[in-house]
Structure formats: C-alpha cells, structure tokens
K.L.:
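What follows is a single structure, and I will ask about it in a moment.
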Amino acid sequence: MADPKGFLNHGREVAETRPVGERVRDWNEVYVPGSLLPIISKQASRCMDCGIPFCHNGCPLGNLIPEWNDYAYREDWQAAQERLHATNNFPEFTGRLCPAPCEAACVLGINQPAVTIKNVEVSIIDKAWETGDVAPQAPERLSGKTVAVIGSGPAGLAAAQQLTRAGHTVAVYERADRIGGLLRYGIPEFKMEKRHINRRIEQMRAEGTKFRTGVEIGRDLDAAKLRKRYDAVVIAAGATISRDLPVPGRDLNGIHFAMEYLPLANKVQEGDFVAPPITAEGKHVVVIGGGDTGADCVGTAHRQGAASVTQLEIMPKPGDERAAGQPWPTFPMLYKVTSAHEEGGERVYSVSTTHFEGDEDGNVQFLHLVEVEFVDGKLTRKPGTERKIPAQLVTLAMGFTGTDRENGLVDQFALELDERGNIARDADFQTNVPGVFVAGDAGRGQSLIVWAIAEGRSAARGVDRFLTGASDLPAPIRPTDRALTV
C-alpha cells in the first residue's frame with residue numbers, strides 16, 4: 001500500500017490547465033506542461049489498496065491500478081510503467097481521452113472525491129517516454145503466419161501490436177492518409193497532440209508491424225482477395241456512420257456531421273491546409289449533441305474564432321451528484337464541464353430541433369427549436385416554447401449508428417450482423433467467416449477508447465489461438481461484456 005493515511009491527509013488535485021485566453025489562440029494541449037509531477041506522488045498515495053479494488057471492474061482493461069499507484073507514490077517510474085503496460089498498450093491515449101470509468105468505481109469515491117487515476121496514469125507514461133523506458137518489443141521468433149488488420153484506431157492498433165509481439169507478420173490497412181483512425185482525425189489537437197500517436201507508430205514499426213495507408217478494403221481492395229492473401233484478418237473499422245437529423249432544411253449549406261468538420265481542423269495542424277475548408281470563423285455556431293464529440297466541436301469552434309457557440313442537448317441537464325438510480329460503482333451521468341466548455345459558449349438542455357432556415361443562396365441562417373420533456377416515459381414537445389437561434393454553421397454530433405455498409409467490406413466478406421447491425425462474432429471474436437475476426441466498435445457498437453483497446457487485445461488472443469492452436473496472450477473481456485450499469 002502507498003500511504004495508509006494518504007486519502008485522509010490529501011485532497012484531490014487535478015492537472016492544471018493553461019489560461020483560457022492563452023490556449024484558445026493555439027492548438028496545443030490545454031494542460032500546463034509538467035504541472036502533474038510535483039503533485040502526483042501525493043495523489044497516488046490517496047489510493048487505499050482496497051481489499052476488492054472495484055476500479056479493476058470499472059476498467060475493461062483490468063488495469064492494475066493499486067499497483068502502479070503504489071509505484072508512482074514511491075516514484076519508482078520504471079516499475080510503474082511496467083505494470084501500466086502489462087494491461088494497456090497505449091496508456092498515453094487513455095490517460096488523456098478516456099472518461100475514466102475506473103474513477104467512477106473507485107472505492108474512495110463512495111464518500112470522497114475519487115483518486116485521480118487518469119492523471120497518475122498519464123504521468124507514469126509521459127515520464128516513461130521522457131526517460132526512454134518505452135522501447136520496441138520485437139518478437140524472439142516469427143510464426144510464419146500473416147495477419148491483416150483493417151482499421152488503425154485504438155482497437156486495430158492494439159490487436160496489431162499484440163499479434164506482432166506474438167511473432168506473426170501483421171499489416172494494418174487504413175483508408176485515411178495517416179494512421180490513427182479517430183485518434184488522428186476525430187480527436188482535436190488540444191485534447192491529444194498527435195505526436196503521441198506518431199511515436200507509438202514508430203515503436204510498432206520497429207517491432208515489425210507494417211502499415212498501408214490510403215487503402216479502403218471493399219473499394220480499393222476486394223475483401224475476399226484480402227482474405228486469400230492472409231492467414232487471418234481482423235476487422236477494426238469502427239462504427240463510422242454518423243447519426244443524421246432528418247428535419248426540414250437539413251440539405252442547406254453549412255450543416256455538417258462532426259466527422260466532416262473535425263478532421264479538416266486536424267488536417268490544418270498536419271499541414272495539409274492553411275485554413276480549413278469548413279470553418280467557424282466569424283459565424284454563429286450550433287453544435288447538436290451534448291457528448292464528448294460535441295464538446296470537441298465546441299473547442300474547435302472557439303479556436304477558429306466563432307462569433308458565438310451554442311450546444312444543444314435533447315436530454316435534461318444532469319445533476320452534479322449521483323442520482324439515486326445510478327449508485328456506486330456504476331458510471332454516473334453527471335454534469336460535466338470539459339476544457340472546451342470552460343472556454344465559453346452556451347449549453348441548452350431539453351430542446352429538440354424542428355427545422356433549419358436558410359437565406360436565398362441556400363445557406364443555413366437559423367435553427368428552430370422547441371423545448372421537450374418526458375411525459376409517461378415519452379419525449380414530448382412543450383407547447384409555446386418554439387424559438388429560433390442564429391446558426392451559420394451547424395455540426396451534428398449525435399453519435400454513430402454502425403460500421404460502413406456502402407464500401408462493400410461486409411458484403412464481400414459475406415459477414416453476418418447482429419440485431420443491432422454490428423458485425424456478429426463468437427466467443428473468440430471470430431465472425432461467421434473462418435479466420436476473419438472483428439474488434440472494437442465494428443462489433444460492439446459505439447463505445448469508449450478503453451473498451452476498444454480491450455477488444456483489440458482480446459481479439460488478438462482469438463487470432464493467435466486460431467493460427468497456432470493455443471495462446472498466452474491476455475483477453476481482458478469477452479465479446480458480450482458491457483459496462484457496469486443499472
């Protein structure tokens with residue numbers, strides 16, 4: 001155990017963010033560089049080394065949180081990063097992007113602010129990169145087996161790294177021009193600078209993983225031909241079909257899916273554009289959707305110089321404390337103020353868009369909305385609450401409905417789907433086609449980055465067992481596992 005009285009002697013302290021006026025003028029991460037290390041030992045000491053560490057259950061990766069908290073408290077960074085990497089291929093991704101269901105399940109969180117698990121995690125891995133403790137782990141021998149991984153998001157990268165280290169020859173196919181999936185083009189630079197992805201890719205290359213960008217399986221390369229070329233295939237193509245809003249005026253110019261808007265802003269940071277083809281500069285911006293993707297649109301609009309930013313959410317405003325129906329250790333729906341929300345804008349809850357209004361040139365100018373409420377369990381409009389707000393750029397951030405069906409991948413493989421429209425798989429993450437496996441959102445549906453990495457690791461075990469007859473690779477979850485809810 002770290003400090004038996006740590007949780008009694010120290011309160012919760014989180015990473016310090018840069019002043020709003022400074023950070024909205026650049027695209028660097030919002031946190032003050034180096035601000036965590038001076039406080040992280042005390043924060044790690046707050047871990048109680050519980051007899052039953054529920055944080056393990058909160059995290060689908062089964063991260064060994066009390067162990068690396070203890071090492072961080074003692075500032076044994078080498079041992080800490082070894083325990084961290086024992087369950088997580090990419091802790092610098094989860095430490096920055098995961099909403100931390102582990103903290104929601106922290107035993108200390110029953111009656112005190114939970115341990116800052118994410119901050120400890122990211123401190124350990126950043127220190128490991130700084131000291132050179134993160135090194136390539138090339139396999140001792142090759143199996144002679146080949147694997148294709150379709151998609152380079154967190155699930156695909158985790159599966160590829162696990163299988164490469166097991167001795168298989170792995171090639172990752174990515175339809176975009178750069179590796180990373182939504183990590184690359186869906187996550188703004190101010191949440192995670194892309195240098196973190198780049199150095200992991202270099203580590204994986206050094207281990208032997210091959211990468212093929214600009215190749216969309218189903219369009220550029222027939223899926224059936226790919227299957228014949230490799231001994232096994234892992235589909236980690238994600239759930240990339242955005243949920244639409246079919247209301248009058250949807251076809252007006254200036255209304256875009258979030259995944260049309262955000263990637264262009266990221267491409268500016270990559271040097272592909274001087275200015276983004278879709279920009280919020282000088283415009284009244286409305287973001288429809290109250291989740292993390294919506295918050296990413298808000299922060300991006302601030303940095304592009306929007307005249308105003310309004311975020312709409314159809315559900316009621318969550319409370320600041322756990323609701324009675326969301327007891328510990330479930331992940332609660334709480335009112336969350338992200339760094340993007342700290343930077344300004346208005347958040348409007350319990351409203352629904354009725355239609356859009358445009359000008360004579362077909363450009364959106366106003367969004368009409370109405371207040372809604374739940375009556376007998378049904379969402380109902382409140383009479384007399386209709387109004388309109390200025391909207392010259394609208395981004396739809398309402399989630400995703402499933403994997404791409406139009407590119408031919410599903411049909412060319414002749415894959416079966418489950419009742420939710422996801423690619424069906426068995427207990428080993430294998431589809432109805434022998435040797436073809438699925439990991440991540442393509443099989444699970446829209447989920448969190450930590451579940452994607454867990455899926456990639458688990459699917460890798462299924463592939464390894466298919467290729468060799470047995471496997472020592474870890475499988476932290478089953479395909480049927482879900483987050484702890486009520």
Side-chain angles (χ1 to χ4, degrees), residues 1-20 23 29-59 61 63-77 80 83-84 88 91-92 94-127 191-192 292 295 318-323 326-343 448-450 484:
M1 186 173 184
D3 180 354
K5 295 184 178 180
F7 68 98
L8 298 174
N9 296 332
H10 307 294
R12 178 182 169 102
E13 291 183 79
V14 297
E16 181 183 356
T17 54
R18 296 186 290 133
V20 168
R23 70 188 194 227
E29 289 183 7
V30 301
Y31 299 105
V32 175
S35 64
L36 275 176
L37 278 182
I39 66 171
I40 210 63
S41 179
K42 288 182 179 179
Q43 291 306 300
S45 78
R46 298 181 70 239
C47 181
M48 303 168 67
D49 192 24
C50 310
I52 300 177
F54 278 80
C55 54
H56 285 198
N57 285 359
C59 175
L61 281 167
N63 281 336
L64 306 172
I65 295 166
E67 294 184 36
W68 43 257
N69 271 331
D70 181 51
Y71 286 125
Y73 165 68
R74 304 178 193 282
E75 299 187 4
D76 186 345
W77 302 111
R83 302 315 291 151
L84 192 55
N88 189 350
E92 66 270 39
T94 52
R96 286 174 166 83
L97 305 175
C98 183
C102 54
E103 293 187 16
C106 174
V107 174
L108 183 61
I110 295 175
N111 59 5
Q112 287 191 40
V115 175
T116 55
I117 297 172
K118 270 183 62 173
N119 282 183
V120 178
E121 177 181 23
V122 81
S123 298
I124 293 170
I125 187 56
D126 284 355
K127 184 71 174 178
K191 283 182 69 175
M192 186 179 75
D292 288 338
D320 295 324
E321 303 290 337
R322 282 183 183 271
Q326 301 173 15
W328 175 91
T330 61
F331 190 77
M333 295 296 295
L334 301 176
Y335 181 68
K336 182 169 65 173
V337 179
T338 70
S339 64
H341 297 130
E342 294 173 349
E343 295 159 3
L448 305 178
I449 181 175
V450 69
L484 182 61

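Atom set for the values below is all heavy atoms of this structure, side chains included, hydrogens, waters and symmetry mates excluded. Positions are given from 1, in the same order as the sequence printed here. What you see is a predicted model; the values in this text were computed from it and never measured.
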K.L.:
Give a yes or no on whether the backbone of Ala72 and the side-chain of Trp77 come within a donor-acceptor separation of less than 3.5 Å.
P.N.:
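Between the backbone of Ala72 and the side chain of Trp77 there is no qualifying donor-acceptor contact (under 3.5 Å).
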K.L.:
So do the side chains of Thr338 and Lys191 get within less than 4.5 Å of each other, counting heavy atoms only?
P.N.:
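In short, these two side chains do not touch, never coming nearer than 4.5 Å.
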K.L.:
With Leu84, which of Val120, Thr94, Ile125, Ile65 fulfils side chain to side chain contact (heavy atoms under 4.5 Å, CB included)?
P.N.:
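Single side chain to side chain contact (heavy atoms under 4.5 Å, CB included) partner of Leu84 among Val120, Thr94, Ile125, Ile65: Ile125.
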K.L.:
Give the minimum heavy-atom separation between Ala104 and Pro332, together with the two atoms involved.
P.N.:
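Minimum heavy-atom separation between Ala104 and Pro332: CB-CD, 3.7 Å.
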K.L.:
Heavy-atom count around Tyr31 OH within 6.0 Å, excluding the residue itself: above 12?
P.N.:
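No - once you tally the heavy atoms of other residues, nucleotides and ligands closer than 6.0 Å, there are 12 at most.
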K.L.:
May I ask you to test the Glu121-Asn63 pair for a side-chain heavy-atom distance under 4.5 Å?
P.N.:
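Sidechains of Asn63 and Glu121: in contact.
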K.L.:
Quick one: closest heavy-atom pair of Pro113 and Arg46, and the distance?
P.N.:
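Nearest pair, atom of Pro113 first, then Arg46: O-NH2, 2.8 Å.
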K.L.:
Listed by chain and number, what are the salt bridge (Lys or Arg N to Asp or Glu O under 4.0 Å) partners of Lys42, not counting sequence neighbours?
P.N.:
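For Lys42 there are no salt bridge (Lys or Arg N to Asp or Glu O under 4.0 Å) partners, ignoring immediate neighbours.
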K.L.:
Can you tell me if Glu75 uses its side chain to pair, donor with acceptor, with the backbone of Ser41 under 3.5 Å?
P.N.:
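The answer is no, because no donor-acceptor pair under 3.5 Å joins these two groups.
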K.L.:
Would you give the length of the straight line joining atom CD1 of Ile39 to atom OG of Ser123, rounded to the nearest 0.5 angstrom?
P.N.:
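Nearest 0.5 Å value for the CD1-OG distance: 8.0 Å.
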K.L.:
Just checking Ile52: does its CD1 atom have more than 12 heavy atoms from other residues, nucleotides or ligands closer to it than 6.0 angstrom?
P.N.:
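Result for CD1/Ile52: open.
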K.L.:
A side-chain contact here means heavy atoms from C-beta on lying under 4.5 Å apart; do Leu36 and Gln43 qualify?
P.N.:
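No, their side chains stay 4.5 Å or more apart.
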K.L.:
Which distance, rounded to the nearest 0.5 Å, do you find between the CG of Asp70 and the CG of Leu64?
P.N.:
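Spacing of CG (Asp70) from CG (Leu64) equals 12.5 Å.
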K.L.:
Applying side-chain contact (heavy atoms from CB on, under 4.5 Å) to Trp68 and Ile117, what does each step give before you reach the verdict?
P.N.:
CA-CA 10 Å; Trp68 43 257; Ile117 297 172; 3.5 Å; yes
K.L.:
In Å, rounded to the nearest 0.5 Å, how long is the span from CD of Glu67 to CG of Asp49?
P.N.:
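Rounded to the nearest 0.5 Å, the CD-CG separation comes out at 9.0 Å.
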K.L.:
So Arg322 and Thr330, do their side chains get closer than 4.5 Å, heavy atoms only?
P.N.:
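Yes, close enough: below the 4.5 Å cut-off.
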K.L.:
Show me the pairs that pass side chain to side chain donor-acceptor pair (under 3.5 Å) and involve residues 106-120, at least two apart or across chains.
P.N.:
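Residue pairs passing side chain to side chain donor-acceptor pair (under 3.5 Å), neighbours aside: none found.
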K.L.:
Nearest 0.5 Å please: distance from the CG atom of Leu97 over to the CD atom of Glu92.
P.N.:
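The CG atom of Leu97 sits 10.0 Å away from the CD atom of Glu92.
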K.L.:
Tell me, please, which residues at least two apart from Asn57 pass side-chain contact (heavy atoms from CB on, under 4.5 Å).
P.N.:
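None.
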K.L.:
Do Trp328 and Val107 have side-chain heavy atoms sitting under 4.5 Å apart?
P.N.:
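They are in side-chain contact.
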K.L.:
Of all residues at least two apart in sequence or in a different chain, which pass the side-chain contact (heavy atoms from CB on, under 4.5 Å) check with Glu342?
P.N.:
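Scan of Glu342 (side-chain contact (heavy atoms from CB on, under 4.5 Å), adjacent residues dropped) gives Thr17, Arg23, Val337, Ser339.
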K.L.:
CZ/Phe7 to OG/Ser45 distance, rounded to the nearest 0.5 angstrom?
P.N.:
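If we round to the nearest 0.5 Å, Phe7:CZ and Ser45:OG are 10.5 Å apart.
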K.L.:
Is any side-chain heavy atom of Tyr73 closer than 4.5 Å to a side-chain heavy atom of Cys47?
P.N.:
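Answer no - side chains too far apart.
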K.L.:
Would you please name every residue forming a side-chain contact (heavy atoms from CB on, under 4.5 Å) with Pro53, sequence neighbours left out?
P.N.:
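Residues passing side-chain contact (heavy atoms from CB on, under 4.5 Å) with Pro53: Cys55, His56, Pro66.
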K.L.:
By the salt bridge (Lys or Arg N to Asp or Glu O under 4.0 Å) test, which pairs, at least two apart or in different chains, include something from residues 95-106?
P.N.:
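Found Arg12-Glu103, Glu29-Arg96, Arg96-Asp126.
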